[in-house]
Amino acid sequence: MSVSDEFLQELRFRINIESVVSPYVNLKKHGNVLTGLCPFHNEKTPSFTVYPENSSFYCFGCGVGGDVITFIRRIENLDYIEAVKSLAQSIGMQMPEDGYDDTLMKRRLRILSANRAAAKFYHESLLTKEGKPALDYLFSRRLSIATIKHFGLGYAPDSWDRLCTYLRGEGFSLQELVDANLAVKSTKNNRESYFDRFRNRMMVPIIDLRGNVIAFGGRVLDDSKPKYINTSDTLVYKKGRDIFALNFAKKGNDGSLILTEGYMDTITLHQAGFNNAVAGLGTALTREQAQLLSRYAKEIIICYDNDDAGHEATKKAMSVLGQTDMKLRVLQLSGGKDPDEIIKNYGRERFKSLLDGAANDTEFKLLSERQRHDLSTPNGKLDFLKAAANILAGLDSAIERDIYASKLSEELSVGKDSIMQQINENRKKLLSYKKKDRLKKLERESFGTIDKLNPERGRNIRATKAEDTLISSLLNNPDFYEKIRDKIDADDFLTELNRHIFRVIVSRLSENREIDIDLLSSELNNDEMSKVMKFKLTSNELNNTLRECEDCIKVIFEEKNKQKDLNPASLTDEEFLNLFKQKNT
């Protein structure tokens with residue numbers, strides 16, 4: 001379905017792109033633009049730029065860009081119509097009734113409605129006689145009724161189909177319950193049956209930043225396995241993308257978030273007043289989750305379990321979080337396996353003191369290496385110092401390297417000069433490696449071999465540059481089209497990406513329709529919109545003359561003819577005869 005240009009123009013006029021992007025990116029004003037850390041790739045220096053004057057954005061780091069509709073499509077993983085409808089609803093605009101197919105959107109909304117109804121059912125079940133074992137379990141974890149209600153904790157009855165029966169009565173179909181992963185379909189003896197996915201479990205609803213219940217985690221009340229089962233991926237939930245309790249923790253966290261391993265640790269911390277606690281969702285921390293966290297915090301304090309598995313998970317989390325610009329600290333738990341135990345056994349103040357003394361990422365790495373070596377032996381001390389020198393070589397601050405070297409020198413009775421010498425040698429090797437890596441990337445880029453959006457560029461560098469310039473010129477000077485329309489066609493382009501973009505642009509121009517960026521997003525995918533945004537931004541670097549366009553057309557045909565020269569089999573009979581005549585004159 002296509003949305004009218006008039007509707008899209010009205011949407012652009014009424015929408016405030018800053019308000020759309022701000023929930024996902026911490027924006028700062030710089031002149032006429034807004035900048036922040038890109039939500040689509042890991043970066044430490046802001047390269048994501050928002051242009052309020054035309055409701056567009058572009059990241060100079062990863063090349064992602066487009067209009068406000070493209071942003072919502074990417075960030076929320078929506079199709080075009082869903083993104084338009086979402087934006088329209090946010091400002092009270094009524095979508096035109098053109099009979100478009102919104103089946104997928106309706107399925108998503110039904111899943112969210114089913115989840116909300118299920119959360120209510122589970123919570124009410126917790127407060128019944130049947131739910132007493134689950135409620136007793138929560139009381140044994142010293143959770144208050146207020147906390148239980150705040151997080152909407154519940155109980156899934158020990159029944160095959162209690163939830164299914166309830167939700168059927170609320171108007172949901174069995175297929176909708178399967179779509180939401182609240183029910184499981186079974187086929188035995190050619191008969192279909194449906195049963196509740198969660199049974200006899202304490203239930204934790206997972207709520208997104210908009211307040212939607214998108215999934216559930218269910219914990220057993222005995223020693224059966226698995227201990228936890230979670231909602232599988234659905235149309236509204238993707239494992240590894242969301243963060244538990246971030247809907248609460250994003251408010252007033254003073255720039256710092258405590259990252260725990262599980263729901264219960266996070267809930268306990270909130271009850272103890274640490275409202276900035278969050279947790280992953282049953283998997284190792286992902287890059288998507290790290291990017292999400294970086295939108296709401298400048299510092300992450302990792303607070304994983306004090307056991308081998310927790311230590312390994314901490315290292316992996318540090319590796320992922322280290323790709324962002326957030327400051328990292330690691331809590332060294334003593335007196336308990338996890339935050340829940342420490343608060344339960346020693347109280348809030350003990351945990352607060354541990355929190356205040358949390359080690360930064362360098363200290364944690366050094367401590368981890370220290371625990372791996374026997375420092376009472378010469379070999380153990382030597383191996384540790386080699387590992388420590390390697391860690392410190394990665395620090396960009398000379399002052400930090402000096403401070404840690406002094407500390408190691410005092411602790412291990414080893415000359416500071418010797419330690420610094422080893423650090424400097426390692427750093428020299430590290431910088432040399434990084435320099436070679438950068439040069440390789442620049443070399444590949446200069447030959448056009450890693451243009452992910454236009455992979456054909458590497459084989460058609462000169463032609464692609466001409467195509468890029470021609471499209472950029474047209475975007476900036478639509479009136480040029482009448483002068484060149486008979487001189488080139490989209491089929492003359494050598495790269496498929498530019499061919500499609502050019503075809504869309506000239507099709508609109510031939511119909512006397514505008515080619516503003518927000519009007520193109522209905523006909524171009526996200527990657528194509530990124531390319532168009534780049535064209536728009538580079539148009540001011542061109543001469544922007546008709547002569548320049550004509551020169552580009554000339555280059556495109558020259559390159560096209562070269563390819564035909566190299567591959568006579570691709571020529572028509574007439575073209576081949578003409579080529580033969582030219583070579584013999």
Side-chain angles (χ1 to χ4, degrees), residues 37-38 41-47 60-62 259 284-285 287 290-291 293-294 297-302 304 311-332 357-446 450:
L37 295 173
C38 180
H41 83 290
N42 290 318
E43 63 176 6
K44 296 186 177 182
T45 303
S47 57
F60 292 89
C62 66
L259 179 63
L285 195 73
R287 292 180 64 184
Q291 289 170 11
L293 290 169
S294 70
K298 296 179 180 179
E299 176 187 67
I300 293 290
I301 303 170
I302 302 174
Y304 285 178
H311 295 160
E312 192 60 34
T314 296
K315 292 177 183 177
K316 291 179 180 178
M318 287 175 61
S319 175
V320 175
L321 293 166
Q323 298 176 49
T324 71
D325 72 330
M326 292 184 292
K327 178 182 177 182
L328 301 183
R329 290 199 289 149
V330 181
L331 199 64
Q332 298 295 312
N360 62 37
D361 55 341
T362 301
E363 290 166 349
F364 175 78
K365 290 174 183 177
L366 291 173
L367 181 61
S368 298
E369 283 296 336
R370 187 187 296 270
Q371 293 171 344
R372 292 180 60 243
H373 299 92
D374 182 1
L375 301 188
S376 64
T377 67
N379 284 339
K381 186 184 291 187
L382 179 61
D383 290 341
F384 167 66
L385 283 170
K386 286 181 179 178
N390 210 31
I391 292 169
L392 299 180
L395 294 176
D396 291 329
S397 169
I399 295 175
E400 283 189 82
R401 295 195 298 271
D402 189 88
I403 290 172
Y404 283 113
S406 297
K407 190 174 180 181
L408 289 173
S409 174
E410 293 174 10
E411 291 177 354
L412 301 176
S413 300
V414 176
K416 179 183 173 181
D417 289 345
S418 299
I419 296 174
M420 285 301 301
Q421 182 180 350
Q422 187 66 50
I423 292 172
N424 291 335
E425 287 178 5
N426 291 353
R427 183 162 179 78
K428 186 176 180 181
K429 292 177 184 177
L430 178 65
L431 294 177
S432 175
Y433 171 79
K434 288 183 176 180
K435 183 178 180 180
K436 288 179 181 178
D437 190 50
R438 283 197 302 270
L439 287 173
K440 285 180 181 178
K441 287 181 180 179
L442 287 171
E443 184 179 357
R444 290 198 301 270
E445 289 173 357
S446 66
I450 59 170

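Please read these numbers as outputs of a predicted model, since none were measured by experiment.
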Practice item. State which residues pass side chain to side chain donor-acceptor pair (under 3.5 Å) with Ser319; sequence neighbours excluded, sorted by chain then number. Key: none

Exercise for review: Answer yes or no: is there a donor N or O on one side and an acceptor on the other, between the side chain of Ser432 and the main chain of Lys428, under 3.5 Å?
Suggested key: no

Practice item. For Ser409, check side chain to side chain donor-acceptor pair (under 3.5 Å) against everything at least two apart and list the hits. Key: none

Check your understanding: Considering residues at least two apart in sequence or located in another chain, which fulfil the side-chain contact (heavy atoms from CB on, under 4.5 Å) criterion with Ile301?
Key -> Ser256, Glu299, Arg329, Leu331, Leu355, Ala358

Can you give me every donor-acceptor pair (side chain of residues 376-386, partner residue at least two apart or in another chain, under 3.5 Å) with its distance?
residue : atom : partner : partner atom : Å
Ser376  : OG   : Asp374  : OD1          : 2.5
Ser376  : OG   : Asp374  : OD2          : 3.2
Thr377  : OG1  : Asp374  : O            : 3.0
Thr377  : OG1  : Gly380  : N            : 3.0
Lys381  : NZ   : Leu412  : O            : 3.3

**Study point:** Residues which pass salt bridge (charged side-chain N to carboxylate O under 4.0 Å, His left out) with Arg401, listed by chain and number, not counting sequence neighbours
**Key:** none

Point to revise | Results of side-chain contact (heavy atoms from CB on, under 4.5 Å) for Gln421 - residues two or more places apart only | key: Glu425

Review point. Taking only residues two or more places apart in sequence or in another chain, which ones pass side chain to side chain donor-acceptor pair (under 3.5 Å) with Lys44?
Key: none

Exercise for review: Mind checking side chain to side chain donor-acceptor pair (under 3.5 Å) for Asn390 and listing every partner two or more places apart, or none if nothing turns up?
Suggested key: none

Review point. Can you name the residues that form a salt bridge (charged side-chain N to carboxylate O under 4.0 Å, His left out) with Glu410, not counting sequence neighbours?
Key: none

Practice item. Name all residues meeting the side-chain contact (heavy atoms from CB on, under 4.5 Å) criterion together with Ser418; count only those two or more places apart in sequence or in a different chain, and write none if there are none. Key: none

Check your understanding: What residues, two or more places apart in sequence or in another chain, satisfy side-chain contact (heavy atoms from CB on, under 4.5 Å) together with Ala387?
Key -> Glu369

